[in-house]
Structure formats: structure tokens, C-alpha cells
Amino acid sequence: GRRVLLYGTWGHAAGCAYARLRARYPDYATMQRLTTAGCEGYTQLLRAAGAEAELAPVGDAFELVHREEVEAGRDPLSPASLFRRLYAPDDLHPSRLGSYLAACVFFAALTGAHVEDSAAASRFRPSEAEHDRKMREKHGWEPGELDDAAAARLQSAAKAAVEARAARAGAAGEAPPSTSEGSALRTEL
């Protein structure tokens with residue numbers, strides 16, 4: 001059988017950005033909870049059909065960053081907040097930092113290793129992207145820099161999200177994630 005890895009996405013920064021759905025998803029926490037439930041539902045459907053399905057918990061990692069900001073007494077929607085810096089100006093697409101967080105989650109989900117524990121950590125950093133240039137021209141928006149402190153926080157959130165998802169799967173009696181494909185990647189790192 002083939003391994004299916006679903007992209008567990010995130011809620012929009014301030015609730016649904018689309019007016020017609022705003023009542024159902026009024027804020028980040030509600031939208032994240034419902035989005036995660038939907039992703040988990042698809043994972044279960046695939047498993048019921050016999051697929052080896054897992055969820056790459058990118059949305060869970062976004063949620064951990066959000067929670068960390070709230071617990072520290074910071075407004076997660078403040079422009080200086082690491083959580084807010086995960087988003088592009090439209091409050092729904094990821095910024096360079098949000099994409100970096102997603103990449104850290106996928107790295108862990110695919111390899112069974114974590115970026116922060118890997119020799120790849122120092123060279124696994126995004127650079128200026130074409131998307132950044134377009135956003136700068138269209139919106140005057142400068143993407144946040146990925147300094148060492150932000151990188152460490154995002155790597156930690158990715159690791160915690162993947163480990164928490166694996167622990168929940170183990171407690172539910174689900175098969176642990178397959179790492180046979182990942183072991184070859186780990187060896188190269």
C-alpha cells in the first residue's frame with residue numbers, strides 16, 4: 001500500500017476571510033478547530049478505505065504558535081507577533097515564515113526526524129522568493145525575516161505538533177507512522 005500524507009492546514013489569522021463563511025468561522029480558534037476536525041475526518045475516511053493515511057499537522061503547529069503568544073500575554077494579531085507574521089497580508093495564505101513552519105512539519109512527518117535535531121537546520125532556511133517580490137509590489141508588504149530566534153520557535157512548534165499527533169495516534173491504537181521511507185532520508189541528513 002501507498003502512504004498518504006494529508007496537509008493539515010491552518011485557520012485564517014482572524015477567522016474566515018470570506019464574508020459568507022464568517023459566521024461559521026468567526027475567529028482563529030474556531031476556524032482552526034473545525035479545519036483540524038475536517039482534516040482528521042478525511043484521514044479517517046482514507047484509513048477506512050485501506051490507505052496508510054497520516055496527517056501532517058501544519059495547522060496544529062500554527063495553533064501552538066498562537067497559543068504561545070496568548071500565554072505570553074501578547075496579542076497574536078499584532079504585526080510584531082510571530083503568529084501574525086506566519087501570514088501574508090490577506091490573513092489566510094502563509095508568509096515566508098508560515099511556509100517555513102509548514103516545511104518543518106513536513107520534514108518531520110516525512111523523515112521521522114526534526115529540523116532542530118538535524119544537521120540540515122542551518123541550511124534549511126527560506127530565501128527571497130518571487131512571491132515576496134509580488135507582495136511587496138502589490139501591497140507594500142515586507143515579509144518577516146527568519147532570524148535564529150524565530151527559526152528556533154518555529155522548529156520547536158513543528159516538533160511539538162508532530163510528536164503530539166503521533167502520541168494521540170498511539171493512544172487511539174492507530175498504527176504508528178511509517179518511517180521506512182523516512183529512514184533513507186534521515187541517513188542522508
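When hydrophobic clusters are built by joining Ile, Leu, Val, Met, Phe, Trp and Tyr residues whose side-chain heavy atoms come closer than 4.5 Å, directly or via intermediates, Val58 is grouped together with Tyr28. Note on Leu101: it clusters hydrophobically with Leu97, by side-chain heavy-atom contacts below 4.5 Å among ILVMFWY residues. No continuous path of ILVMFWY side-chain contacts below 4.5 Å connects Val4 to Phe107, so the two sit in separate hydrophobic clusters. Grouping the Ile, Leu, Val, Met, Phe, Trp and Tyr side chains by contacts below 4.5 angstrom, directly or via other members, places Leu82 apart from Leu92. Hydrophobic cluster membership differs between Leu6 and Val162, with clusters built from Ile, Leu, Val, Met, Phe, Trp and Tyr side chains linked at under 4.5 angstrom.
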**OP:** Evaluate side chain to side chain contact (heavy atoms under 4.5 Å, CB included) for Trp10 paired with Met31, printing each intermediate quantity in order.
**Re:** CA-CA 8 Å; Trp10 54 89; Met31 188 167 192; over 6 Å; no
**OP:** Any chance you could lay out the side chain to side chain contact (heavy atoms under 4.5 Å, CB included) test for Glu163 and His114, step after step, and finish with the verdict?
**Re:** CA-CA 10 Å; Glu163 288 177 348; His114 299 288; 3.4 Å; yes
Subject >> Derivation of the side chain to side chain contact (heavy atoms under 4.5 Å, CB included) call for Arg24 and Leu34 >> reply: CA-CA 9 Å; Arg24 180 172 172 126; Leu34 293 172; 4.3 Å; yes
**OP:** For the pair Arg67 and Val70, evaluate side chain to side chain contact (heavy atoms under 4.5 Å, CB included) and give the outcome as yes or no after the intermediate values.
**Re:** CA-CA 5 Å; Arg67 186 177 313 134; Val70 170; 5.7 Å; no
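Side-chain rings of Tyr25 and Tyr18 stay apart, their centers remaining 6.0 Å or farther from each other.
Counting heavy-atom neighbours within 6.0 Å of Tyr42 OH, excluding the residue itself, gives a total of 12 or less.
Chaining together hydrophobic side chains whose heavy atoms lie under 4.5 Å apart leaves Leu64 on its own.
Closest of all the heavy-atom pairs between Ala23 and Pro26 is O-CD, 3.7 Å. In terms of heavy atoms, Ala161 sits closest to Ala61 at CB-N, 3.7 Å. Closest approach of Arg84 and Leu77 over heavy atoms only: CG-O, 3.7 Å. Nearest heavy-atom pair across Leu110 and Arg3 is O-NH1, 3.9 Å. Across every non-hydrogen atom of Arg165 and Pro57, the tightest pair is NE-CB, 3.9 Å. Here the closest heavy-atom approach between residue Pro76 and residue Ser81 is recorded as O-OG, 3.0 Å.
Considering only heavy atoms from C-beta on, Phe62 stays 4.5 Å or farther from Thr9 through its side chain. Using a 4.5 Å heavy-atom cutoff, the side chains of Leu55 and Tyr7 are not in contact.
A salt bridge between Arg168 and Asp60 is present, with a side-chain N of the basic residue lying under 4.0 Å from a carboxylate O of the acidic one. Of the charged side-chain nitrogens involved, none lies within less than 4.0 Å of a carboxylate oxygen, so that Arg47 and Glu54 do not count as a salt-bridged pair. Using a cutoff of 4.0 Å between basic side-chain nitrogens and carboxylate oxygens, Glu69 and Arg153 are scored as salt-bridged.
Atoms CZ and OG, from Arg85 and Ser78 in turn, are 10.0 Å apart once rounded to the nearest 0.5 Å. To the nearest 0.5 angstrom, His93 atom NE2 is 14.5 Å from Leu86 atom CG.
A side-chain donor-acceptor contact under 3.5 Å links Gln32 and Thr36.
Judged by distance alone, with hydrogens and angles left aside, the side-chain atoms of His12 form a donor-acceptor pair with the main-chain N or O of Ala17 at under 3.5 Å.
Among Glu68, Arg74, His66, the one residue that satisfies the side chain to side chain contact (heavy atoms under 4.5 Å, CB included) test with Phe83 is His66.
Applying the side-chain contact (heavy atoms from CB on, under 4.5 Å) rule to Pro89 yields the partners Met135, His139, Trp141; only residues at least two apart in sequence or on another chain are considered.
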